[in-house]
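Shown next, in structure tokens, is the structure this report addresses.
What you see below is based on every heavy atom in this structure, not just the backbone, and it leaves out hydrogens, waters and symmetry mates. Keep in mind that what you see is a predicted model, and the values were worked out from it rather than measured. Chain identifiers are assigned alphabetically (A, B, ...) following the order of the sequence lines, protein sequences preceding nucleic acid strands; residue numbering begins at 1 within each chain.
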Number of protein chains: 2
Amino acid sequence: MQKLLVWENKLRDKNIRVTSQRIAIIEVLLKEAIPLAAGDIFAKIKNRPELKLSTVYRNLNLLVDERLVRKLNFKGKGTVFELLEDHHQHLICLECGDVKSIQCPLQNYEEELHNDTGYELYDHNIEFYGVCPACKNS
Amino acid sequence: MQKLLVWENKLRDKNIRVTSQRIAIIEVLLKEAIPLAAGDIFAKIKNRPELKLSTVYRNLNLLVDERLVRKLNFKGKGTVFELLEDHHQHLICLECGDVKSIQCPLQNYEEELHNDTGYELYDHNIEFYGVCPACKNS
DNA sequence: GATTAAATGCAAATCATTTGCAGAAAGGAT
DNA sequence: ATCCTTTCTGCAAATGATTTGCATTTAATC
């Protein structure tokens with residue numbers, strides 16, 4: 001099944017209407033496959049001059065609330081959004097801004113943290129900052 | 001030695017002038033000992049009506065650039081700042097907003113990540129989100 | 001105390017994000 | 001297909017956080 005159809009069904013499952021604006025936003029996030037700022041998503045939606053930035057924001061917020069999208073904040077990039085698919089983390093190059101998805105090194109750590117603190121754990125987020133091999137050689 | 005004097009020396013070491021405004025900001029961060037928003041720091045500076053919010057921002061940015069302060073972004077709290085002392089991470093209660101400092105579970109992981117990706121690692125940041133024991137019982 | 005570069009006060013500007021409201025569109029029922 | 005209700009969007013304006021320009025003040029050095 002096409003990825004886009006999977007996402008349309010995710011919306012229906014949550015009783016969120018499948019509007020052409022929502023589809024346009026999800027299409028951009030699917031196609032780019034890296035975390036994007038609201039303004040970047042807006043800029044990448046072509047041929048839809050009536051689709052407003054406020055609609056992009058409203059939908060991103062809705063999707064975040066419904067746990068379909070993850071909202072992140074990277075040093076140097078500000079607030080970005082990505083579709084929530086597998087659980088992974090990010091490695092960001094401080095020179096060129098490249099964002100790499102990496103496997104989460106703390107898959108089983110929440111239980112330990114729960115035992116230590118009594119907190120009921122829901123989620124965690126990790127950012128690694130460094131310089132990529134390409135930028136290092138220049 | 002008083003903590004504040006240590007911080008004055010850190011400023012001098014970096015050739016940053018020791019102004020009363022800087023001291024006021026650092027005092028608040030020392031006293032509260034949790035990450036604070038710029039506006040919160042500003043609000044907690046008493047008896048200094050001439051000290052402006054823009055000065056707080058300017059100094060926080062300077063201290064971040066000089067790696068004396070860490071700038072963070074917590075779900076539900078927006079941008080916050082803390083003095084950079086030991087390396088630690090945070091556990092945030094999504095109900096009451098309480099922020100707990102915890103030992104970093106990835107002290108030795110950067111080398112592995114370097115070997116896997118070729119990135120030169122500089123820093124990492126982890127946020128854990130959950131519900132604290134007090135909030136769970138209510 | 002005089003000198004100079006850096007820092008601050010102040011007000012205004014900028015930028016990202018949110019909001020109110022009237023019209024448009026989606027999904028369910030007929 | 002049409003009607004109905006609720007949700008969503010366009011639009012413009014408001015908000016809130018953060019930054020900036022410029023004249024004045026101040027810290028550090030001599």
Q. Going through the checks in order, is the salt bridge (charged side-chain N to carboxylate O under 4.0 Å, His left out) test met by Glu8(B) and Arg12(B)?
A. CA-CA 6 Å; Glu8(B) 292 186 8; Arg12(B) 290 195 185 92; 3.7 Å; yes

Q) To the nearest angstrom, how far is Leu60(A) atom CG from dT18(C) atom P? A) 10 Å

Q: Figure out the CD1/C1' separation between Ile23(A) and dA25(C), and round it to whole Å.
A: 14 Å

Q. Is NZ or CZ of Lys75(A) both nearer than 6.0 Å to the six-membered ring centre of Tyr129(A) and within 45° of the ring axis?
A. yes

Q. In whole Å, what is the span from the CD1 atom of Ile16(B) to the P atom of dA7(C)?
A. 8 Å

Q.
In this structure, would Leu121(A) and Leu106(B) fall into the same cluster of hydrophobic residues linked by side-chain contacts under 4.5 Å?
A. yes

Q. Rounded to whole angstroms, how far apart are CG on Asn15(B) and P on dA6(C)?
A. 10 Å

Q: Report the C-alpha distance between Arg22(B) and Val18(B) in whole Å, list the side-chain angles of each, state the deciding distance to 0.1 Å, and finish with yes or no for side chain to side chain contact (heavy atoms under 4.5 Å, CB included).
A: CA-CA 7 Å; Arg22(B) 264 163 210 160; Val18(B) 178; over 6 Å; no

(Q) Could you see if Val80(A) belongs to whatever hydrophobic cluster contains Leu83(A)? Use Ile, Leu, Val, Met, Phe, Trp, Tyr and a side-chain cutoff under 4.5 Å. (A) no

Q: Indicate, with yes or no, if the rings of Tyr119(A) and His114(A) have centres closer together than 6.0 Å.
A: no

Q: Send over the distance from Arg12(A) CZ to dC8(D) C1', rounded to a whole Å.
A: 16 Å

Q. To 10°, what angle do the rotation axes through the five end pairs on each side of the helix from dG1(C)-dC30(D) to dT30(C)-dA1(D) form?
A. 40°

Q.
Without decimals, in angstroms, what is the distance between Asn9(B) CG and dA27(D) P?
A. 17 Å

Q: Please lay out, stage by stage, how His87(A) and His124(A) fare under the test ring pair (Phe, Tyr, Trp, His ring centres under 6.0 Å).
A: CA-CA 10 Å; His87(A) 177 60; His124(A) 58 269; 4.8 Å; yes

Q. How long is the line joining CZ of Arg22(A) and C1' of dA26(C), in whole Å?
A. 10 Å

Q. So, do Phe128(B) and Tyr109(A) have ring centers that fall under 6.0 Å from each other?
A. yes

(Q) So if I define the base as every atom that isn't primed, P, OP1 or OP2, how would nucleotides 10-21 of chain D read as a B/S/- string at a heavy-atom cutoff under 4.0 Å? (A) BBB----SBBBB

Q) Applying the 4.5 Å side-chain criterion to the ILVMFWY set and letting contacts propagate, would Leu30(B) and Ile16(B) be lumped into a single cluster? A) yes

Q: Could you tell me the separation between the CG atom of Leu36(A) and the P atom of dT17(C), rounded to a whole number of Å?
A: 13 Å

